[in-house]
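Before any comments, here is the structure.
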Amino acid sequence: MITGSTITLIVVIVLAFIVLSVFFTFFPITLWISALAAGVKISIFTLVGMRLRRVIPSRIVNPLIKAHKAGLDVAINQLESHYLAGGNVDRVVNALIAAHRANIELSFERAAAIDLAGRDVLEAVQMSVNPKVIETPFIAGVAMNGIEVKAKARITVRANIDRLVGGAGEETIVARVGEGIISTIGSSVSHERVLENPDLISQTVLAKGLDSGTAFEILSIDIADVDIGKNIGAELQTEQAEADKKIAQAKAEERRAMAVASEQEMKAKVVEMRSKVVEAEAAVPLAMAEALREGNIGVMDYMNYNNIKADTGMRDSISKVGGDKPSTDELK
């Protein structure tokens, strides 16, 4: 049977557990002891203040211990303010340690600014020590003789820590190098010169200072591969000839249409003139009848006119029949 003293003991144990949980939540004793063991002097009330400011103490103390062991002079307030600003404290401290080991001058303010700018400051330090190689895709240019030349370049770059904030990225480097390759190929007299001396491309491009305003320093530009593409000049000439042919055909078709239209107009004029002739011929009998009535011609004059007309018709028929007969030479 559970007595009152047993219930009291259980309640005391539960309350003690709750009190200890709350105490160790606000008073990270283990973290404070680890800091003291590492030689980092930090007050327990400072850790409690971090809890009240909604800062996870381990995110600040552990990087502070690493910085102290590496010999860096970093204050806890700097780390906490960077954390509250949304930065990655551990990555910044790792970058400072890497820069310190590589004898690269990098202050905490510079590293924090790079981290808050969205760049990986640790990767930038590592790239300063170990340069990175950026490989471009095949970039096509056309030489003066119309032959397309494709070139692929490998760009060796090193991070410039002073220009990481506000400096352009890898895409700008690749775009500028591509522009330099295209202009160099385009200024070549022939594609054979590019194939014989591909280093001319890298020398010309490297001399232009393409890394200005970027977060990198170009160490070298090497042409990895050169290939021949299409004969752009011949294709353009073929297309131009085809276009000229179509234009000539269109003009010829236009002239033919105009000729057909003119022919139709002439036929219409001939028909019109024939109608006028028929109209004039129809007026002759009327005029003769009028002359007979007026007494300007006699009956014998009219008869003589008919005889002459009949005689003329007979001669025309005889001449037509005679034209159909074979000649004497043909009979021989």
Side-chain angles (χ1 to χ4, degrees), residues 15-132 157-173 213-217:
L15 291 176
F17 178 77
I18 295 174
V19 170
L20 290 176
S21 299
V22 174
F23 177 80
F24 284 110
T25 300
F26 283 92
F27 294 86
I29 302 298
T30 305
L31 190 62
W32 177 66
I33 295 174
S34 299
L36 291 179
V40 178
K41 295 181 180 181
I42 184 172
S43 173
I44 187 66
F45 296 104
T46 302
L47 300 178
V48 174
M50 291 182 186
R51 289 291 188 186
L52 296 176
R53 289 189 293 270
R54 297 176 180 268
V55 177
I56 301 175
S58 59
R59 299 285 182 86
I60 305 298
V61 176
N62 290 332
L64 183 63
I65 293 173
K66 285 195 296 184
H68 179 75
K69 289 296 183 182
L72 299 178
D73 185 14
V74 179
I76 190 171
N77 290 332
Q78 291 177 316
L79 300 180
E80 188 175 355
S81 62
H82 185 64
Y83 178 86
L84 291 173
N88 191 323
V89 176
D90 191 63
R91 184 166 56 192
V92 170
V93 171
N94 290 336
L96 291 173
I97 294 173
H100 180 70
R101 293 288 187 269
N103 292 326
I104 298 175
E105 185 178 353
L106 179 63
S107 63
F108 178 83
E109 288 75 12
R110 171 66 64 177
I114 295 172
D115 183 64
L116 292 176
R119 295 186 181 272
D120 193 336
V121 61
L122 180 58
E123 182 182 357
V125 174
Q126 292 173 349
M127 194 183 298
S128 297
V129 178
N130 185 19
K132 180 180 179 181
V157 296
R158 180 173 58 195
N160 191 332
I161 296 178
D162 293 334
R163 293 203 301 253
L164 277 176
V165 178
E170 296 181 8
E171 293 80 6
T172 303
I173 292 290
T214 65
F216 303 97
E217 177 185 355

Under the side-chain contact (heavy atoms from CB on, under 4.5 Å) criterion, do L79 and F108 qualify, and how do the steps go?
CA-CA 9 Å; L79 300 180; F108 178 83; 3.6 Å; yes
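- Taking the side chain to side chain contact (heavy atoms under 4.5 Å, CB included) definition, one finds that V55 meets it with M50, R53, I60, E80, Y83, L84, sequence neighbours left out.
- Residues passing the side chain to side chain contact (heavy atoms under 4.5 Å, CB included) test with R119, sequence neighbours excluded: I114, L164, A215.
- Although no hydrogens or angles enter the test, the distance criterion places no donor-acceptor pair under 3.5 Å between the side chain of D115 and the main chain of G87.
- Minimum heavy-atom separation, T214 to T172: CG2-CG2, 4.2 Å.
- For the residue pair I65 and A38, the shortest heavy atom distance occurs at CG2-CB, 3.6 Å.
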Exercise answer: donor-acceptor pairs, residues 93-106 side-chain atoms, under 3.5 Å, sequence neighbours excluded:
{"residue": "N94", "atom": "OD1", "partner": "K66", "partner atom": "NZ", "Å": "2.8"}
{"residue": "N94", "atom": "ND2", "partner": "D90", "partner atom": "O", "Å": "3.2"}
{"residue": "N94", "atom": "ND2", "partner": "D90", "partner atom": "OD2", "Å": "3.3"}

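- For N62, the side-chain hydrogen bond (donor to acceptor under 3.5 Å, both in side chains) test picks out no residue, with sequence neighbours left out.
- A distance of 3.0 Å separates CD1 in I42 from CD1 in I76, rounded to the nearest 0.5 Å.
- Atom CZ of R91 sits in a crowded spot, with more than 12 heavy atoms from other residues, nucleotides or ligands closer than 6.0 Å.
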side-chain contact (heavy atoms from CB on, under 4.5 Å) between L116 and H82: does it pass, once the steps are laid out?
CA-CA 9 Å; L116 292 176; H82 185 64; 3.6 Å; yes
Output side-chain donor-acceptor pairs under 3.5 Å for residues 121-130, partner residues at least two apart or in another chain, one line each.
{"residue": "S128", "atom": "OG", "partner": "A124", "partner atom": "O", "Å": "3.0"}
{"residue": "S128", "atom": "OG", "partner": "A159", "partner atom": "O", "Å": "3.2"}

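- Residues meeting the side-chain hydrogen bond (donor to acceptor under 3.5 Å, both in side chains) test with R110, sequence neighbours left out: none.
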